[in-house]
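Below is one structure, written out as structure tokens, with a few remarks after it.
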Amino acid sequence: GESVGLHLPTLSVQEGDNSIINCAYSNSASDYFIWYKQESGKGPQFIIDIRSNMDKRQGQRVTVLLNKTVKHLSLQIAATQPGDSAVYFCAENTGGNQFYFGTGTSLTVIP
Amino acid sequence: KAGVTQTPRYLIKTRGQQVTLSCSPISGHRSVSWYQQTPGQGLQFLFEYFSETQRNKGNFPGRFSGRQFSNSRSEMNVSTLELGDSALYLCASSLGSGGYEQYFGPGTRLTVT
């Protein structure tokens with residue numbers, strides 16, 4: 001079956017630095033991807049999405065890169081702030097609204 | 001615009017009992033998906049409802065069921081609760097089914113004792 005894996009379970013960065021969170025996916029048929037942020041006690045919060053016909057998409061302080069050749073996604077957060085501390089998930093969609101989620105990366109921002 | 005709401009937020013049940021959780025999607029959204037989140041298994045897809053019909057189903061036993069009403073509100077039911085059903089149950093809503101942004105509610109924390 002499909003699997004979505006994250007390279008690093010934890011990531012610590014200094015406030016003001018850029019963060020990069022990586023994600024590998026296994027299903028080459030996946031055509032839509034979402035990055036979520038989940039804070040303790042809350043549901044996942046939509047950050048940014050990207051479709052398979054794109055390789056880069058930018059939002060406010062965030063950029064998602066998609067490399068279909070190696071089935072890899074990354075989330076870049078510019079000028080990381082303490083409020084960015086959370087668990088980040090990538091999710092892949094192959095059809096309908098069934099998403100497969102990665103295990104998550106815990107980002108800690110050091111003031 | 002109000003977000004996805006879920007009720008109740010917390011629930012404690014005993015093994016063997018059944019439970020019903022409720023989800024109200026964002027206004028105008030017609031698709032509701034349910035997920036189970038546990039420390040050991042992460043976020044796992046349960047099922048999706050769109051226009052009152054189940055569109056997709058994850059790999060969960062038949063004890064897990066759901067339905068959607070004409071106003072797009074959805075309920076999920078778990079019968080004969082087991083200790084392993086303790087989890088955060090999350091509901092997500094989308095405008096449509098397939099390739100749409102999906103927004104999550106705060107979840108219902110179910111504890112089975």
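Computation of the quantities below employed the complete heavy-atom set of this structure, encompassing side-chain atoms and omitting hydrogens, waters and symmetry-equivalent molecules. Chain letters run A, B, ... following the sequence lines, proteins first, then strands; residues in each count from 1.
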Connected via hydrophobic side-chain network under 4.5 Å: [X] and [Y]:
X	Y	value
B/Val4	A/Phe89	yes
B/Phe60	B/Val112	yes
B/Leu43	B/Tyr89	no
B/Tyr10	B/Leu110	no

Please check if atom [atom1] in [X] has more than 12 non-hydrogen atoms from other residues, nucleotides or ligands closer than 6.0 Å.
X	atom1	result
A/Gln60	CD	no
A/Arg61	CZ	yes
B/Asn59	CG	no
B/Ile12	CD1	no

Non-hydrogen atoms of chain A under 4.5 Å away: do they reach the side chain of [X], the backbone, both or neither?
X	answer
B/Gln44	neither
B/Leu46	neither
B/Leu90	side chain
B/Tyr35	side chain

Turns out that what part of A/Phe99 lies under 4.5 Å from chain B's heavy atoms comes down to both

Proximal component of A/Gln38, with respect to chain B [non-hydrogen, under 4.5 Å]: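 Answer is side chain: those atoms of A/Gln38 sit under 4.5 Å from chain B.
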
Tell me which of these, B/Phe47, B/Phe50, B/Tyr103, has more heavy-atom pairs under 4.5 Å with chain A than the rest. B/Tyr103

Between B/Arg109, B/Arg9, B/Gln102, B/Gln41, who has the most heavy-atom pairs with chain A when the cutoff is under 4.5 Å?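 Heavy-atom pair counts peak at B/Gln102.
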
Using a 4.5 Å cut-off on heavy atoms from C-beta on, say whether the side chain of A/Tyr32 contacts that of B/Glu101. yes

Just by modelled atom types, is the A/Asn97 backbone N or O under 3.5 Å from a matching donor or acceptor in the B/Glu48 side chain? yes

Quick one: pull up CG in A/Asn93 and OH in B/Tyr100 and give me the separation to the nearest 0.5 Å.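 Going from the CG atom of A/Asn93 to the OH atom of B/Tyr100 covers 12.0 Å.
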
